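Working notes, beginning with the structure itself.
Counting from 1, the numbers follow the sequence of the chain as shown. Remember, predicted model here, so these are calculated numbers, not experimental data. Computed from heavy atoms alone, side chains included, the values below leave out hydrogens, waters and symmetry copies. Start at 1 and go down the list; that is how both ligands and their atoms are numbered.
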Amino acid sequence: MQAKAREVHVPPVLQDLRAGTAELHIALEKRLPFFSDTLDLRAFERLMRAYYGFYQPLEAALQDSGAIPADFDLVSRLKAPTLQRDLHALGANGGDFSLCRQLPAIDSAAACLGVLYVLEGATLGGQILRREIATRLSLGADNGAAFLDIYGAATGRRWRDFIEYLGSRPMDADEREAVVAAAHTTFSCFERWLESQEVLV
Ligand code: HEM
C-alpha cells in the first residue's frame, strides 16, 4: 500500500520490527476469518468482541503503565472506545465481554513502542478489511465497523507520524531488542487470545 512506498527513510528499529514480526503477521492474517465464506453478522460480532477483549485491557495497561513517553499522544490513538461503539451498534450486550489477561509486559518505553507498533500497524490492514466487510456484510462506520477504518483518510499520515516518532527516539541495540520483543509478544498474545475465543479459522 502507499504508506510504505512513501516512507523515505526506514529507521533501524523499524527494520528490526519487520524482520522480527513478519512471519507472525502472515500466520495471523491467514487465520483471521474476515475473508471466510462463513463470516456472517453473528460471526463478525463474535470476532469484534474478541478484538475488544484484547484491545481494552491492553490499552488500559498502556495507560496505567507509567511508561508511555511523555511526548507521545496515546489518547488520540486509543481504539477500544470505537470497538465498544461498534459492538453496541451490532447489538452486543456490553455487560459480559471477556477480557484477555495474558498480556505483554509493559515495563519500559521500549515495550510501549513495541505494543504500539502492532496496534498502529493493524490500521493499515484495516483499510483492506474495511472494504471487504462493507461489501460482504454492508457494515461501515455507522453500523458496526468503524474500528476497521478508525483513522479514515488519515490512516497513511498517522502511520507515517508514528514511524517518524519511533525513528526519532534515540535507541541503543538493547532497547531496539526490547521493542521487537514486545511487538512479538503482542502478536502471539493476540493470536492465543483469539484462539481461546474460538474466532480463528
Ligand atoms: C486479515 C487481516 C489482515 C490483513 C489483510 C492485513 C494486511 C496488512 C497489509 C496489506 C499491511 C501493509 C500495509 C503497507 O505496507 O502499507 C499490513 C501491515 C501491518 N499489519 Fe496487518 N493485516 C491484517 C491483520 C493484522 C493484525 C490483526 C495485526 C495486529 C494486531 C496487524 C499488524 C500489522 C502491522 C504491525 C503492520 C505494519 C508492518 C510494517 O509496515 O512495518 N495486521 N497489514
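Close N/O approach between E29 and ligand 1 is not found [any backbone or side-chain N/O within under 3.5 Å]. At least one N or O atom of Y117, backbone or side chain, sits closer than 3.5 Å to an N or O atom of ligand 1.
Remark: ligand 1 atoms within the under-4.0 Å shell around heavy atoms of R18 are 39 (C), 40 (O), 41 (O). Below 4.0 Å from some heavy atom of Y51 lie the following atoms of ligand 1, by number and element: 27 (C). Heavy-atom proximity to L32, at under 4.0 Å, picks out these atoms of ligand 1: 2 (C), 27 (C). Short contacts between ligand 1 and I128, defined as distances under 4.0 Å to a heavy atom of the residue, involve ligand atoms 10 (C). In summary, the atoms of ligand 1 found under 4.0 Å from a heavy atom of G125, numbered by their order in the structure, are 6 (C), 7 (C), 8 (C), 22 (N), 43 (N). Residue contact check: W159 has heavy atoms under 4.0 Å from atoms 37 (C), 39 (C), 40 (O), 41 (O) of ligand 1. Using a 4.0 Å cut-off to heavy atoms of F190, the atoms of ligand 1 that qualify are 27 (C), 30 (C). Every atom of ligand 1 with a heavy atom of V118 under 4.0 Å away is listed here by number and element: 29 (C), 30 (C), 32 (C), 35 (C).
Within H25, the N/O/S atom positioned nearest atom 21 (Fe) of ligand 1 carries the name NE2.
In this structure, F147 has its ring center under 6.0 Å from that of Y55.
Only the side chain of L28 comes within contact range of ligand 1, with a heavy atom under 4.0 Å; no backbone atom does. The part of L14 lying near ligand 1 is the side chain, judged by heavy-atom distances below 4.0 Å. Residue contacts with ligand 1 for F54 are absent, since no atom lies close enough (heavy atoms, distance under 4.0 Å).
F35 and L194 fall within the same hydrophobic cluster, defined by Ile, Leu, Val, Met, Phe, Trp and Tyr side-chain heavy atoms under 4.5 Å apart, directly or through other members. Follow the hydrophobic side-chain contacts under 4.5 Å out from I128 and you reach F187 in the same cluster. Grouping the Ile, Leu, Val, Met, Phe, Trp and Tyr side chains by contacts below 4.5 angstrom, directly or via other members, places L129 apart from V201. Residue F54 is grouped with residue L99 when hydrophobic side chains (ILVMFWY) are merged at heavy-atom distances under 4.5 angstrom, including chains of intermediate members.
The closest approach between a heavy atom of F162 and any atom of ligand 1 is not below 4.0 Å. At a 4.0 Å cut-off, at least one heavy atom of L129 sits close enough to ligand 1 to count as contact.
In this structure, of G121, A122, A183, the residue bringing a heavy atom nearest to atom 18 (C) of ligand 1 is G121.
With a 6.0 Å cutoff to the six-membered ring centre and a 45° limit on the axis angle, R49 does not count as a cation-pi contact of F97.
Side-chain N or O atoms of S188 include one that pairs as donor or acceptor with a backbone N or O of H184 at under 3.5 Å. In terms of modelled atom types and a separation under 3.5 Å, the side chain of E120 and the main chain of W159 share no donor-acceptor contact. At least one donor-acceptor pair under 3.5 Å links the side chain of Q15 to the backbone N or O of V10.
The two residues A111 and I106 make their nearest non-hydrogen contact at CB-CA, 4.1 Å.
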Could you walk me through whether Y117 and F162 pass ring-ring contact (aromatic ring centres under 6.0 Å, His included), step by step? CA-CA 8 Å; Y117 165 77; F162 177 73; 7.2 Å; no
